[in-house]
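Take a look at the structure below.
Just so it is clear, the values below take in all heavy atoms, side chains as well, and ignore hydrogens, waters and symmetry mates. A, B, ... follow the sequence lines: proteins, then strands. Residue 1 opens every chain.
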Protein chains: 2
Amino acid sequence: MRKISESTVRRLSLYLRFLEQFAAHGQTTISSAELARRGGTTSAQVRKDLSFFGSFGKRGLGYSVTELAAKIRDILGLRRTYRVILVGAGRIGGALVQYPGFRQRGFHVTAIYDKDPHKVGSRWNGLVVRDVRHIEADLAKEPTDIAIVVTPAEAAQDVVDRLVHSGVKAILNFAPVQLAVPADVVVKSVNMALELETLSFSLSNR
Amino acid sequence: MRKISESTVRRLSLYLRFLEQFAAHGQTTISSAELARRGGTTSAQVRKDLSFFGSFGKRGLGYSVTELAAKIRDILGLRRTYRVILVGAGRIGGALVQYPGFRQRGFHVTAIYDKDPHKVGSRWNGLVVRDVRHIEADLAKEPTDIAIVVTPAEAAQDVVDRLVHSGVKAILNFAPVQLAVPADVVVKSVNMALELETLSFSLSNR
DNA sequence: CCACGATTGTGAACTTATTCACAATATGCG
DNA sequence: CGCATATTGTGAATAAGTTCACAATCGTGG
């Protein structure tokens, strides 16, 4: 397959969200122009994004809302559900476990780990927090593709090494460090402070 | 000023983080190559990013860690501190208020608002949750540039309208909706589920 | 004080992403 | 059925972002 840009994937994700909203309102077809309006982009961009994967519309008519949604789910790999483990039972971890958006989209948090003995054993949203040292053994029994890392910066690389060693292939990282992983593992880092800094930049430059 | 790309700003933010780490280790100078290695980019990229704002290095030597950090803080508008208000006293809101990264970087959460009468009045990290209907009056007394919106999707646009009306110029939005704002207000939307979906895409395409 | 190794700053080349623009349909209506 | 209208799919044009490559310059050591 041709190399698909990150921005295209993010937009597809957005389009899917809008399609679901349209479906909920009983709308059956949608034009690229309308999708673009909602997503803050252009109709040409919408069509180009989709064109990398096939042609899903009808000229003169637009797209079938449900068909296109199904197609995008397919493209994004959202037909299946994913087991997700979470490392770091802090406040952000807690918020994430309970975040309904994950489950709605098929991401099921199946285990929570922490290093702190005070946290190990407590219940979180129906899950018992386990000691990080069980990661390897647990994942050997229950292979898991995705992990969310919400540890302090110092602990993150060590945790990631163990996750990678245990077969985790995708990591959503909230720790403010650049993580080193093998080429076949994908890391996506999110950093709240950095988002605020881009806002600060915008504020200072106008 | 020349138009600066979002990616450049994000990278500057990253460089700043690394520079602070280097400073903490007592390192006094740094080369673009080393900064690039840490940030997962190239030395040319680092120099180009900086070149949009001036020339801060010494040929043959590199950059002074503290000087460059100061320069980037300047560029990003981080010399000052920012008052930040938070709308939505849910779990994510709670996690964000306590997130040390914000305060460290000069973003001070000064007020929390919610619509739910059960939440209004409770204390959160030393702040009393106030009713959203006080936003206008409060901001008239204490002008605030930045707001973080962590409301349900349905409520977000309404809240944003009131924020904009009250003079807020930058919004970090966690609600899964596209927000409409005037041209002089900047919105940055963050969506956790979307991040996981990009991971899902990567997993399905290799 | 000159030659050498290191490293910046930056135009130019290249690559990637977005927008344009239009032929190719599909529908509906008289 | 044929014309008017809507809207896709896509090559070509444009714009934006990244990498290359090299002259400029700094510090050092003989």
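Proximity of A/Arg133 to A/Arg162: side-chain heavy atoms (C-beta onward) are separated by under 4.5 Å at one or more points.
With sequence neighbours left out, the ring-ring contact (aromatic ring centres under 6.0 Å, His included) criterion links B/Tyr99 to B/Phe102. Taking the side-chain hydrogen bond (donor to acceptor under 3.5 Å, both in side chains) definition, one finds that A/Asp145 meets it with A/Arg80, sequence neighbours left out. B/Ser55 meets the side chain to side chain contact (heavy atoms under 4.5 Å, CB included) test with no other residue; sequence neighbours excluded. Residues meeting the side-chain hydrogen bond (donor to acceptor under 3.5 Å, both in side chains) test with A/Arg79, sequence neighbours left out: A/Asp74. Legend: residues meeting ring-ring contact (aromatic ring centres under 6.0 Å, His included) with A/Phe107, ordered by chain and number and at least two apart, are A/Tyr82.
For the segment residues 38-49 of chain A, residues with any heavy atom less than 4.0 angstrom from an atom of DNA chain C are, sorted by number, A/Thr42, A/Ala44, A/Gln45, A/Arg47, A/Lys48. Contact check of residues 56-76 of chain B against DNA chain D (heavy atom, cut-off under 4.0 Å) returns B/Arg59, B/Gly60, B/Leu61. Using a 4.0 Å cutoff on non-hydrogen atoms, no part of residues 19-27 of chain B comes near DNA chain D.
Listed by first then second residue, pairs satisfying salt bridge (charged side-chain N to carboxylate O under 4.0 Å, His left out) with a partner in residues 173-184 of chain A read A/Lys169-A/Asp184, not counting sequence neighbours. The salt bridge (charged side-chain N to carboxylate O under 4.0 Å, His left out) analysis of residues 17-28 of chain A, with sequence neighbours excluded, yields the pairs A/Arg17-B/Glu197, A/Glu20-A/Arg73, A/Glu20-A/Arg105.
A donor atom on one side chain and an acceptor atom on the other are not found under 3.5 Å apart for A/Arg83 and A/Thr110.
Remark: P of C/dA17 and CZ of A/Arg10 are 14 Å apart, rounded to the nearest angstrom. Distance, B/Ile30 CD1 to C/dT8 C1': 14 Å, rounded to whole Å. Going from atom CG of B/Leu50 over to atom P of C/dT8 covers 10 Å, rounded to whole Å.
Cation-pi check for A/Arg38 over A/Tyr15 is not met; the charged atom does not lie both under 6.0 angstrom from the ring centroid and within 45 degrees of its normal.
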Can you give me every donor-acceptor pair (side chain of residues 187-194 of chain B, partner residue at least two apart or in another chain, under 3.5 Å) with its distance?
unit_1: B/Lys188; atom_1: NZ; unit_2: A/Glu195; atom_2: OE1; d: 3.0
unit_1: B/Ser189; atom_1: OG; unit_2: B/Asn173; atom_2: ND2; d: 3.0
unit_1: B/Asn191; atom_1: OD1; unit_2: B/Ala193; atom_2: N; d: 3.1
unit_1: B/Asn191; atom_1: OD1; unit_2: B/Leu194; atom_2: N; d: 3.2

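Bounding nucleotides for the chain B contact on DNA chain D, 5' to 3', at a heavy-atom distance below 4.0 Å, are D/dG17 to D/dG27.
Atom CG of residue A/Leu12 and atom OG1 of residue B/Thr198 lie 11.5 Å apart, to the nearest 0.5 angstrom.
In this structure, B/Arg130 pairs ionically with B/Asp138, as a charged nitrogen and a carboxylate oxygen lie closer than 4.0 Å.
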